[in-house]
Amino acid sequence: MNILIIGSGGRESAFAYKLSKSPRLGQLFIAPGNAGTGAYGQNVNIKVTDFEAIASFVLENAIQMVVVGPEEPLVKGIHDYFLNRADLKDIPVIGPQKEGAQLEGSKDFSKQFMDRHGVPTAASRSFDVASLDEGLVYLESQKLPIVLKADGLAAGKGVLICETLEDAKAELKAMIADSKFGEASRVVVVEEFLKGIELSVFVLTDGNSYKVLPSAKDYKRIGEGDTGLNTGGMGSISPVPFADETFLNKVEERIIKPTVEGLKKDGIPYKGFIFIGLMNVEGEPYVIEYNVRMGDPETESVLPRIESDLLDLLEGVAQGNLDQRSYTVSPKTAVTVMLVAGGYPGAYESGKEIANMENVKESIVFQAGTKEQDGKVVTAGGRVIAVTTLQDSLFDALQQATADAGRIYFEGKYFRRDIGFDLI
């Protein structure tokens, strides 16, 4: 089977790595890919939202499945684009159609969905420019801290936790009246702050049946000890030690089943991944957010633990018979450590030559923000490389991934040396 992966980050590197191991794979293409994905398939210089160019490539290269990595093409309707063209409609796209993608594309939509289907989540209300004054009054009756979320996609920057009423009011005005996050904060969700431990659970569904993928925990802050600015993710671990069978059963019964059934009740077809961002509040799971694709860097920890043929599972999604596909998970622990560019998550440096990747023997090197330049691999993004290892114990995995992260060199390189150590 010829497959096209859409995307260019560490997540797409992990997909390419995993799919390249399938005995049923024909040709693998990644659009646009990065300097590392070329080891698993052929990179194609097409933007993830250039649907016409993607369509032409798919037809010219006899592509039989399209796997969409990032959220933007899903929210913009790449799946619908395929379904609406007679020459493309029979080529399966792994990822929801535009309506289903609103679970991530609109925080207000997802909160209404959860309320409608009884999915446990933080109490909230949404406000826009017409109800801004009402929102300012509403803030006065709420406990602090309080969470403000831009309704639309804001490149991971649209969530603010406000410690004081003055800050909350100022930020709500800035988001709605002053377009702090552009069109994304035209509507703002004001949400109760939940105190607990975050984790992520991933689900693969064909719209009827589903497989619960391994749980993971990522580390967002740039500094060790979870300090400093938020990032796209500095590392992840899978499985999550505190997410035991009892907790995960609660997640399945209270969240996963109502979510899949809710999509069916609402008449929303859904074929793809559902990323459920959770807060464990004293042993009880609450949904913080839905994403409609796999996370990054969680994918780099989750996929290596899946022992089944990923291509077979994705074909089950496409054909609507996922429940008939075999699925096994390794009992080993995966740890991913992210190497980032100097200055990240602010203005960061690019074009720095990367050395010593070949010296990593006990881990997988998933390239993310990289490109080839004059025959060398150089940095081309904030998050540059994800180093993932799979070991028998969490402690061994933490040690190995951290050691291997230290073996790779580029000017300005930074990584956290404490990923996962809070769980030992």
Side-chain angles (χ1 to χ4, degrees), residues 4-17 20 28-50 53-54 57 67-73 153-157 218-220 222 229-236 293-301 303 336-360 363-388 401 404-416:
L4 173 65
I5 298 172
I6 306 291
S8 63
R11 167 183 48 215
E12 289 74 33
S13 290
F15 271 114
Y17 162 83
S20 71
L28 180 64
F29 300 94
I30 309 95
N34 59 48
T37 52
Y40 311 119
Q42 182 179 326
N43 290 341
V44 186
N45 189 21
I46 301 175
K47 289 183 179 178
V48 300
T49 53
D50 190 343
I54 290 169
F57 183 85
V67 180
V68 185
E71 65 276 14
E72 188 181 10
L153 297 179
K157 298 186 175 80
D218 81 327
Y219 292 79
K220 283 277 190 281
I222 187 71
L229 295 172
N230 266 332
T231 71
M234 294 298 296
S236 58
R293 35 74 191 181
M294 290 292 284
D296 192 345
E298 297 98 326
T299 305
E300 292 94 306
S301 294
L303 289 189
T336 300
V337 174
M338 187 66 72
L339 280 58
V340 303
Y344 179 81
Y348 54 80
E349 304 164 335
S350 293
K352 305 297 183 182
E353 184 179 353
I354 303 168
N356 297 340
M357 284 188 284
E358 69 279 1
N359 291 343
V360 175
S363 298
I364 311 161
V365 176
F366 293 122
Q367 293 187 41
T370 67
K371 67 177 182 180
E372 285 192 39
Q373 185 175 291
D374 302 326
K376 299 172 182 175
V377 178
V378 301
T379 64
R383 293 190 299 159
V384 179
I385 289 170
V387 174
T388 297
D404 284 337
R407 289 184 168 90
I408 299 169
Y409 176 77
F410 55 88
E411 185 184 333
K413 179 191 83 169
Y414 170 77
F415 66 94
R416 278 181 57 173

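- Across all non-hydrogen atoms, the minimal contact from Val377 to Ala35 is CG1-CB, 3.8 Å.
- In this structure, Glu298 and Asp296 approach most closely via the heavy-atom pair OE1-N, 3.1 Å.
- With Arg383 contributing its side chain and Gly10 its backbone, the two residues share no donor-acceptor pair below 3.5 Å.
- At least one side-chain heavy atom of Val48 sits less than 4.5 Å from a side-chain heavy atom of Pro32.
- Between Leu229 and Pro345, the shortest heavy-atom contact is CB-CG, 3.8 Å.
- Between Met357 and Ile385, the closest side-chain pair of non-hydrogen atoms falls below 4.5 Å.
- At least one side-chain heavy atom of Met234 sits under 4.5 Å from a side-chain heavy atom of Tyr414.
- Proximity of Thr231 to Val340: side-chain heavy atoms (C-beta onward) are nowhere separated by under 4.5 Å.
- Considering every non-hydrogen atom in both Ser8 and Gly33, the closest pair reads CB-O, 3.4 Å.
- Summarising the geometry of Gly233 relative to Pro297, their closest heavy-atom pair is CA-CD, 3.8 Å, with the distance given to 0.1 Å.
- Judged by distance alone, with hydrogens and angles left aside, the side-chain atoms of Gln367 form a donor-acceptor pair with the main-chain N or O of Gly36 at under 3.5 Å.
- Put simply, OH on Tyr17 and CZ on Phe366 are 6.0 Å apart, with the number rounded to the nearest 0.5 Å.
- Residue Ala341 comes nearest to Tyr348 through the heavy atom pair CB-CB, 4.0 Å, listed as atom of the first residue, atom of the second, then distance.
- Of the possible donor and acceptor atoms, one in the side chain of Lys413 sits under 3.5 Å from a partner among the backbone N and O of Ala405.
- Separating the CG atom in Leu303 from the CZ atom in Arg11 is a distance of 11.0 Å, to the nearest 0.5 Å.
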**Message:** Go through it in stages, so that I can follow the logic: the residues are Val337 and Arg416, the test is side chain to side chain contact (heavy atoms under 4.5 Å, CB included), and I'd like the CA-CA distance, side-chain angles, deciding distance and then a yes or no.
**Reply:** CA-CA 7 Å; Val337 174; Arg416 278 181 57 173; 5.9 Å; no
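- Within the model, atoms CD of Glu411 and OG1 of Thr379 stand 9.0 Å from one another, a figure rounded to the nearest 0.5 Å.
- Residues Asn230 and Lys220 are in side-chain contact: their nearest non-hydrogen atoms beyond the backbone lie under 4.5 Å apart.
- Within the 4.5 Å cutoff, no side-chain heavy atoms of Val68 are placed close to those of Arg293.
- A side-chain donor-acceptor contact under 3.5 Å links Ser301 to the backbone of Ser236.
- The CD1 atom of Ile354 sits 5.5 Å away from the OG1 atom of Thr370 when rounded to the nearest 0.5 Å.
- For the atom pair CE of Met338 and CZ of Phe415, the computed distance is 13.0 Å after rounding to the nearest 0.5 Å.
- From Ser13, atom OG reaches atom CG of Asn34 across 4.0 Å, with rounding to the nearest 0.5 Å.
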